[in-house]
Amino acid sequence: MKKAVFSFKEYKFLKVEMDLFDLKFSTIELDIEPKGVFNLASKKYKLEFVFKAFEEGNDGENKKQIILVQCIADFEFNEISSFEEIPDYFYSNSIAIVFPYIRAFISTITLQANIPPIIIPTMNLTSLQEKLKSNTKEI
């Protein structure tokens with residue numbers, strides 16, 4: 001069996017904003033903004049993941065941001081000697097690894113706010129692979 005190319009080390013929530021005033025629990029739209037920094041010397045990758053949830057406005061057009069969560073996650077590569085050697089599947093898998101923590105966190109904080117919890121569905125995040133790859137810089 002081959003050793004994994006990368007490993008997940010830790011995650012932290014750095015910023016959380018909620019505006020649940022007058023929440024109608026109507027249609028909620030999600031936006032995910034991933035970016036990353038790869039440090040070749042340490043073979044570490046820092047994923048920054050900004051998750052936003054919006055509720056449709058009263059007029060049916062304007063959206064109100066109800067949740068913003070900024071998370072960072074640290075990954076480490078085992079045997080890699082250049083930025084180009086990062087496998088393509090890392091970009092989608094790194095997001096998929098962190099996303100369940102964000103989902104659980106949002107459910108927990110909305111439940112603790114004494115409102116019906118906002119349950120974010122499981123999602124196929126492979127479409128974010130190219131976005132993360134293009135938003136990754138090497139230091």
Side-chain angles (χ1 to χ4, degrees):
M1 185 179 285
K2 282 176 72 172
K3 189 174 180 181
V5 175
F6 68 92
S7 56
F8 177 47
K9 293 301 183 184
E10 68 175 343
Y11 72 95
K12 295 176 187 169
F13 295 110
L14 301 179
K15 183 177 186 178
V16 179
E17 294 178 5
M18 292 190 324
D19 183 359
L20 305 175
F21 182 75
D22 201 26
L23 186 63
K24 295 166 200 60
F25 295 95
S26 62
T27 303
I28 294 177
E29 292 182 27
L30 308 177
D31 182 42
I32 299 170
E33 300 169 9
K35 62 182 176 180
V37 175
F38 175 64
N39 184 324
L40 180 58
S42 66
K43 297 184 181 182
K44 293 187 178 179
Y45 187 98
K46 186 172 292 293
L47 169 65
E48 181 181 337
F49 195 96
V50 178
F51 174 91
K52 296 177 184 177
F54 300 89
E55 184 177 46
E56 190 175 282
N58 290 334
D59 58 7
E61 293 182 19
N62 295 322
K63 293 185 249 178
K64 172 186 163 189
Q65 181 177 299
I66 56 173
I67 296 175
L68 179 142
V69 175
Q70 179 185 13
C71 176
I72 58 166
D74 294 325
F75 294 86
E76 187 173 86
F77 288 90
N78 295 319
E79 297 177 21
I80 197 167
S81 57
S82 72
F83 175 73
E84 291 74 24
E85 288 183 20
I86 296 174
D88 284 339
Y89 65 82
F90 166 76
Y91 297 101
S92 59
N93 287 352
S94 63
I95 294 170
I97 289 168
V98 175
F99 189 65
Y101 295 100
I102 292 173
R103 288 180 61 234
F105 183 70
I106 290 169
S107 296
T108 301
I109 61 173
T110 53
L111 178 64
Q112 292 297 315
N114 203 26
I115 64 167
I118 295 175
I119 308 295
I120 306 300
T122 55
M123 300 171 65
N124 182 342
L125 302 171
T126 55
S127 63
L128 295 173
Q129 175 178 332
E130 287 304 316
K131 189 174 187 179
L132 176 56
K133 190 174 182 178
S134 66
N135 287 335
T136 294
K137 64 180 181 178
E138 181 181 5
I139 57 169

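We number each residue from 1, following the sequence as shown. Side chains included, hydrogens not; waters and symmetry mates left out as well; all remaining heavy atoms used.
The line from CD1 of I95 to CG of L47 is 6.5 Å long, rounded to the nearest 0.5 Å. Here the straight-line distance linking atom CD of E138 with atom CG of N39 works out to 8.5 Å at 0.5 Å rounding. The CG atom of L128 sits 7.5 Å away from the CE atom of M123 when rounded to the nearest 0.5 Å. Note that CG of L68 is 7.5 Å distant from CD of Q70, once rounded to the nearest 0.5 Å. Rounded to the nearest 0.5 angstrom, L125 CG and S94 OG are separated by 10.0 Å. Separation of atoms CG (D19) and NZ (K64) is listed at 4.0 Å; rounding is to 0.5 Å.
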Side-chain donor/acceptor pairs under 3.5 Å, residues 8-17, sequence neighbours excluded:
from: K15; atom 1: NZ; to: E17; atom 2: OE2; distance (Å): 3.3

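Electrostatic pairing of K133 and D88 counts as a salt bridge here, judged by a charged N lying under 4.0 Å from a carboxylate O. By the 4.0 Å N-to-carboxylate-O rule, K24 lies too far from E56 to be salt-bridged with it.
Applying the 6.0 Å contact sphere to NZ of K43 captures more than 12 heavy atoms from other residues, nucleotides or ligands. Counting non-hydrogen atoms of other residues, nucleotides and ligands closer than 6.0 Å to NZ of K35 gives a total of 12 or fewer. Annotation: N114, atom CG; neighbour count of heavy atoms from other residues, nucleotides and ligands within 6.0 Å does not exceed 12.
No chain of hydrophobic side-chain contacts below 4.5 Å, direct or via other Ile, Leu, Val, Met, Phe, Trp or Tyr residues, connects L111 to I109. Criterion: ILVMFWY side-chain heavy atoms under 4.5 Å apart, direct or through other members. Under it, F51 and Y101 are part of a common hydrophobic cluster. When the side chains of ILVMFWY residues are joined at heavy-atom separations under 4.5 Å, either directly or via intervening members, I97 and F90 end up in a single hydrophobic cluster. Linking Ile, Leu, Val, Met, Phe, Trp and Tyr residues whenever their side-chain heavy atoms come within less than 4.5 Å places I32 and I28 in a single cluster.
Taking both residues in full, the closest heavy atoms of D22 and E55 are given as O-OE1, 4.2 Å, listed atom of the first, atom of the second, then distance. Between E79 and E85, the shortest heavy-atom distance links the atoms O-OE1, 4.3 Å. Here the shortest heavy-atom pairing between Y91 and L132 reads O-CD2, 3.5 Å. Smallest separation of non-hydrogen atoms from S92 and T126: CB-CA, 4.2 Å. Taking every heavy atom of both residues into account, I118 and I106 meet most closely at O-CG2, 4.0 Å. Pairing each heavy atom of L30 with each of I120, the nearest pair is CD1-CG2, 3.8 Å.
No option in K52, E29, M18 other than K52 meets the side chain to side chain contact (heavy atoms under 4.5 Å, CB included) test with Q65.
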Going through the checks in order, is the side chain to side chain contact (heavy atoms under 4.5 Å, CB included) test met by I67 and T110? CA-CA 10 Å; I67 296 175; T110 53; 4.1 Å; yes
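Side-chain contact between F38 and I86 is present, with at least one heavy-atom pair separated by less than 4.5 Å. With contacts defined as side-chain heavy-atom distances shorter than 4.5 Å, the pair K44/D74 does not qualify.
Ring-plane geometry between F75 and Y45 is classed as perpendicular, the angle between the planes exceeding 60 degrees on a 0 to 90 degree scale with a lower cut at 30. Between F99 and F49, the ring planes lie tilted relative to each other; the angle falls in the 30° to 60° range.
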